[in-house]
Amino acid sequence: MARIDLSNIRHAYNPAETDDARFALRHVNQAFEHGGAYALLGPSGCGKTTLLNIISGLVRPLQGRVRIGEEDVTDLPTEKRNIAQVFQFPVVYDTMTVRENLAFPLRNRGVAPAQIRRRVAEVIDMTGLAALADRRARGLSADEKQKVSLGRGLVREDVGAILFDEPLTVIDPEVKWALRTQLRELQRRSGMSMIYVTHDQTEALTFASRVVVMDQGRVLQVGSPKELFETPAHTFVGYFIGSPGMNVIPAQPDGAGLRLGAYRLPLGPGVRLQGAERLELGVRPEFVRLAADGIPARIERIDDVGRHRIVRCSMLGHAVIALLQEDEPVPADPHIVFDPAGVHAYADGWRVQAGQEVS
Amino acid sequence: MKPVNQKAWLLVAPVLVLVAISAVIPLMTVVNYSVQYVGSTGRFTWVGDEWYRDVLHSEAFWSALWRNLVFSGVILVIQIPLGVVIALCMPRHGWGVPVCLVLMALPLLIPWYVVGMIWQMFGRVDIGLMGVMLKDFGYNYEGDPLDAWFTLVLMDVWHWTSLVALLAYAGLVSIPDAYYRAARIDGASSWSVFRFIQLPRLGRVLTIAVLLRFMDSFMIFTEPFAVIAGGDPVFLSTELKQTVELGKKSAMSIIYFLIILAVCWVFYAVMTRNEQETGRPQTQGGDA
């Protein structure tokens, strides 16, 4: 079965590039297990689309190897790899009907006509294109065209993986949700590997069972949505995932722990932080409480978003965000208390665990 | 009751004057000549549609028209596919792009009469390179109308194929990269890429190219005049030049003009109909 393995991938769009900061991908090692639902999540320009194109072979990496199953495909062209890909903007073959569009990838690979008919009928069913099946693709609306593009991605049964490059950008919000759920459902039923690129955390977290968070050409963390929320491995992950994102507050070393004003966070034995240039505390707003005693804070603004209130405070000169439940009162003289379950220490951006040395 | 201010008409006046000078007056002058007989003393006599009947019954007119149509047909059949093939072969990136564009544009920059003169000399059987080479096959454009016709076709292809190529190239580079990527994912052969991506997307520019090339070749005058100076083969324009009587000349001009107008209208109708087909009919709630 086809597991996709990327090892030591480095890529820059200018082959003569020497400045590490300008590489689109800087040393990526990542495996995608067969049958997984993955999301590549990160801001624009983080290298996620480049990574996708390297898997499908549209881009050849400057360094590193790509393996699909047992086979090293680094030097194979796209059409020889067993990969389907759907792009951000719809691509349809204008002069063909919707049905012919869907059959096109199969016909090019010499699949038997009876099998093509069966498979195309299935995909038309899945994507809800039945009413348009014999219409020319030229006259379709943008989201109908994108459904056709999606369908062409799904039509090949034998692919190693289907790659989606922000495929729902052009789709109306209400259809978007339904299509994404359908894709997820389809992935579960068919057991096909899918890799879904997006910059939208909701899309990533609802689609994927494993989310790969990327920034500046690096993979920062791979994990389930729950892991990304509870233990962000990097301050960027904490900040990027969650709404509002994690509070990241500069802190001072304090023996085997961190200190923030009067607050102390012990990190257990064996941790040495002397080598780190930048030490920070990370606490998600969900784990920040306002109480009568703790670290004194001043409330700057309260945003009521319905289910809860977002309280923006200033504490020891740093901005800290807390979440208050709808019925919770705002204390007159607020102090901030961190729930120890949700406090993490970060050295130079990366999470520090007990027993770990930073040098 | 509202006061009516007729001074507003003054605002339209500039346009009326402009159109009158540029189109209406010259055209009506020709129409005026075409229904009269102009005597040697400069006296005008009304003759009605006599000149028109004269033209439409003249064999010279019909054979010139036929020759014009065949000529346009032949050069379209050669230039359009050739132009597309050249455009497909032109590079998309790097230093080759400006070089190719300049080379392609060169024939278009040469004045038409000069093009005619170049080929007139090129084809001469005594000193012209092509003429000397083809002499042994019986080629002689001064004596044989068919050879002259062949020379004119060759000249037009040389002169104008690059226009088609440049238009097609512009159409090709405007195709987004995503189409080619999707085609690679779908395992399409290069013929399929041409047939299902490039050709459909070239449709509009090619319609324009066909229209331009048809109009230009149908009105061809300078080049045949330079090459054969009024000999055979006779085109509508050269026939027009040979006609002496002012009235007949005018009648021919009007007929020539009406044919071109009709062809333009057909093209316009075809192009707008294609656009309407693209717009999809409004249907609601097809998929529930």
- Message: Working to the nearest 0.5 angstrom, can you tell me the gap between B:Arg184 CZ and A:Arg81 CZ?
- Response: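 Rounded to the nearest 0.5 Å, the CZ-CZ separation comes to 9.0 Å.
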
Counting neighbours of [atom1] on [X] that are heavy atoms of other residues, nucleotides or ligands and sit closer than 6.0 Å, is the number greater than 12?
X        : atom1 : answer
A:Arg22  : CZ    : no
B:Trp158 : CH2   : yes
A:Tyr13  : OH    : yes

- Smallest heavy-atom separation, A:Asn108 atom then B:Asp186 atom, equals ND2-O, 3.0 Å

- Task: State which residues pass side-chain contact (heavy atoms from CB on, under 4.5 Å) with A:Arg10; sequence neighbours excluded, sorted by chain then number.
- Result: A:Asp20, A:Phe23, A:Gln63

- Evaluate the side-chain proximity of A:Thr95 to B:Arg201: yes if any heavy-atom separation is below 4.5 Å, no if none is.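 No. Closest side-chain heavy atoms not under 4.5 Å.
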
- Item | Flag side-chain contact, heavy atom, 4.5 Å: B:Ser192 against A:Tyr93 |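 Counting from C-beta outward, B:Ser192 and A:Tyr93 never come under 4.5 Å.
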
- Message: Can you tell me which portion of A:Val86 sits under 4.5 Å from chain B's heavy atoms? Options are side chain, backbone, both or neither.
- Response: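 Answer is neither: A:Val86 stays 4.5 Å or more from chain B.
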
- Message: Counting only non-hydrogen atoms closer than 4.5 Å, can you tell me which residues of residues 175-182 of chain B sit against chain A?
- Response: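 Contacts with chain A: B:Ala178, B:Tyr179, B:Arg181, B:Ala182.
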
- Task: Determine which residues belonging to residues 72-91 of chain B lie within contact range of chain A, meaning some heavy atom pair is under 4.5 Å apart, and list them by number or answer 'none'.
- Result: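 So far as heavy atoms go, nothing in residues 72-91 of chain B approaches chain A to under 4.5 Å.
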
- Message: Using a 4.5 angstrom heavy-atom cutoff, name the option from A:Arg109, A:Glu79, A:Gln85, A:Arg156 with the most pairs to chain B.
- Response: A:Arg109

- Task: Output all residues satisfying side chain to side chain donor-acceptor pair (under 3.5 Å) with A:Arg119, sequence neighbours left out; order by chain, then residue number.
- Result: A:Glu122

